[in-house]
There are 2 protein chains.
Amino acid sequence: MTTVQGARARARIEITAAIKDEARRQLAAEGAAKLSLRAVARELGMVSSALYRYFPSRDDLLTALIIDAYDAVGAVAERAHADAVSTAPGDHLAHWTAVCRAVRSWAVAHPHEYALIYGSPVPGYTAPQDTVGPAARVGLLLVATARGAHEAGGVTPPPLPDGLAPEAERLAAEEAADLPPALAVALVRAWAQLFGLVSFEVFGQFHRIVEDRDAFFAAAAERLGREVGLAPRP
Amino acid sequence: MTTVQGARARARIEITAAIKDEARRQLAAEGAAKLSLRAVARELGMVSSALYRYFPSRDDLLTALIIDAYDAVGAVAERAHADAVSTAPGDHLAHWTAVCRAVRSWAVAHPHEYALIYGSPVPGYTAPQDTVGPAARVGLLLVATARGAHEAGGVTPPPLPDGLAPEAERLAAEEAADLPPALAVALVRAWAQLFGLVSFEVFGQFHRIVEDRDAFFAAAAERLGREVGLAPRP
DNA sequence: CCGAAACGAGAGCACTGCTCTTGCTCTCGG
DNA sequence: CCGAGAGCAAGAGCAGTGCTCTCGTTTCGG
């Protein structure tokens with residue numbers, strides 16, 4: 001139920017968006033640490049104190065950008081997943097790699113926003129509760145691909161070592177009650193490893209090491225899917 | 001050939017070390033972005049401008065800390081590797097997991113220093129050439145474990161997809177000419193994935209997801225070693 | 001032994017996040 | 001319809017930052 005809003009409310013929405021846009025521009029140009037409220041305000045032709053009407057502090061602006069970034073990468077990943085499901089309904093490994101490639105593409109295209117959400121947390125700053133929903137989207141998508149494959153039968157995650165059994169059952173019960181514990185553990189593992197691959201590429205650790213990044217990542221994503229058990233592991 | 005040094009040179013070394021120590025303390029307390037030259041100087045009882053006699057800029061101080069951090073994690077990993085080789089000479093998978101555990105332990109114990117070297121790169125800051133040597137130590141160690149296993153025979157990395165063959169051969173030729181291309185690729189993959197696991201734990205992404213982090217990581221490191229081909233993949 | 005280099009101290013510049021006060025303007029309820 | 005109150009932009013100001021420059025002093029090496 002979105003009611004018609006007065007000029008004031010509309011202006012507030014537009015100005016808030018303009019602030020975030022300009023902040024994103026500075027983020028892309030200089031990085032998060034050099035994001036300056038005063039510079040944003042200056043560029044928008046207002047005075048710095050006016051900006052505090054829209055964001056109580058610099059951290060709150062960053063939080064808004066973080067949520068937007070989680071939503072952005074989540075959206076492209078969900079779209080890629082949906083496309084893969086519709087074009088190759090039974091190929092669960094393809095669904096998996098489609099999500100992986102979407103995440104990587106977005107990260108490479110928006111390195112600073114990626115760094116904001118998957119890089120070192122900003123000092124003293126603890127993510128507020130608002131971020132957990134958007135932050136979980138990609139992870140839930142990976143669970144969804146695994147669930148699709150599991151329901152179709154034939155998912156074979158690696159066996160669980162004995163010591164990990166209790167943790168695995170707790171994890172499955174809390175996050176995906178319909179999945180076998182070994183699959184839940186393999187998923188969390190692959191989730192972290194996927195972002196390890198993406199982070200190393202975005203943060204430049206592959207400099208002078210990996211040249212054909214597309215081919216390298218494609219192969220890695222496929223291996224990751226096989227390791228989860230979406231296809232045989234040769 | 002270390003000659004006896006004058007009081008001045010000795011003082012310079014001590015003061016440089018004191019500055020880095022205090023900087024590390026602030027790093028651990030507040031994080032890299034809040035590391036303040038003035039605060040370091042204040043704590044050391046000197047004036048901020050005096051500090052510039054030792055480090056030309058804040059970035060240079062950070063660079064020194066980065067190099068020290070790379071060296072620290074490299075040293076503990078090398079020590080763990082040597083220990084594992086001497087206690088279980090033939091168990092190459094154990095050598096691998098020993099290195100992995102050492103890296104993780106250091107990262108958990110020094111999260112801010114870890115973030116400095118494996119988190120988002122500081123804005124506008126590009127790592128100078130001095131860092132590449134120390135930065136490579138852990139990677140070289142992983143290569144060394146794989147080489148040990150390869151020379152003992154029976155290393156079976158996953159097969160290479162066709163498209164990746166040229167890249168794999170280039171990579172092997174440049175980084176480890178004595179290893180099969182497929183092994184070189186698997187190593188780089190596992191290298192990035194290992195730090196993905198560690199980063200997710202250190203940066204808090206496992207919050208409320210993984211509880212028994214020790215068991216989880218131990219199993220993940222072992223799977224990583226198997227995926228490289230150091231032991232059969234069940 | 002004496003000039004040059006290194007050093008610590010201090011003032012100062014341009015910048016930051018953030019607060020407080022001052023007026024103006026829009027909105028909404030009586 | 002109109003006035004009280006909320007929302008708003010602006011400016012001054014505070015404490016802090018990285019960094020530069022200058023000025024005496026100390027130390028070292030040829």
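Chain naming here is simple, since letters A, B, ... match the order of the sequence lines and numbering starts at 1 in each.
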More 5' along DNA chain C: B:Arg38 or A:Arg42, using each one's nearest nucleotide? B:Arg38
What distance separates B:Leu65 CG from B:Ile117 CD1, expressed to the nearest 0.5 Å? 11.0 Å
Rounded to whole Å, CG of A:Asp60 lies from C1' of C:dG17 at a distance of 13 Å
Nearest to side-chain heavy atoms of A:Leu37, which nucleotide of C:dA11, D:dA9, C:dG17: C:dG17
Looking only at C:dC18, D:dC8, C:dC7, the nucleotide nearest the A:Tyr52 side chain is C:dC18
Remember a base hit wins even if backbone is also touched, and classify A:Leu51 as base, sugar-phosphate or nothing at under 4.0 Å, heavy atoms. nothing
Between CZ of A:Arg10 and C1' of D:dG7 the distance, given in whole Å, is 17 Å
Could you state the interatomic distance from CG (A:Leu197) to CD (A:Gln193), rounded to the nearest 0.5 Å? 7.5 Å
Out of C:dA9, D:dT17, D:dC19, whichever nucleotide has its closest atom nearest the side chain of B:Ser57: D:dC19
Under-3.5 Å donor-acceptor pair between A:Ser49 side chain and D:dA10 base: yes
Roughly how many Å is it from CD in B:Gln26 to C1' in D:dT17, rounded to a whole number? 13 Å
Could you tell me if B:Thr63 and B:Asp60 have a donor-acceptor pair between their side chains, going purely by distance under 3.5 Å? no
Answer with base, sugar-phosphate or nothing: what part of the nucleic acid does B:Leu44 contact at a heavy-atom distance below 4.0 Å? nothing
Counting any heavy atom closer than 4.0 Å, what does A:Phe55 reach on the DNA or RNA strands: base, sugar-phosphate only, or nothing? nothing
Quick one: label A:Ser36 by what it contacts on the DNA or RNA (base, sugar-phosphate, nothing), any heavy atom closer than 4.0 Å. sugar-phosphate
Taking 4.0 angstrom as the limit, do B:Arg170 and B:Glu174 come out as a salt bridge? yes
If I compare all heavy atoms of B:Gly119 with all of B:Phe203, which pair ends up nearest, and what's the gap? CA-CZ, 3.9 Å
Using atom OH of A:Tyr54 as one end and atom C1' of D:dG7 as the other, report the distance to the nearest whole Å. 9 Å
Rounded to the nearest angstrom, tell me the gap between atom CZ in A:Arg12 and atom P in C:dT27. 13 Å
With heavy atoms under 4.0 Å as the rule, sort A:Ser48 into base, sugar-phosphate or nothing. base
Can you tell which of D:dT22, D:dA9, C:dT19 lies closest to the side chain of A:Ile15? D:dA9
Nucleotide C:dT16, atom P - distance to CG of A:Asp59 in whole Å: 17 Å
Integer-rounded Å distance: D:dG16 C1' and B:Arg58 CZ: 13 Å
Whole-Å distance separating the NZ atom of A:Lys34 from the C1' atom of D:dT17: 13 Å
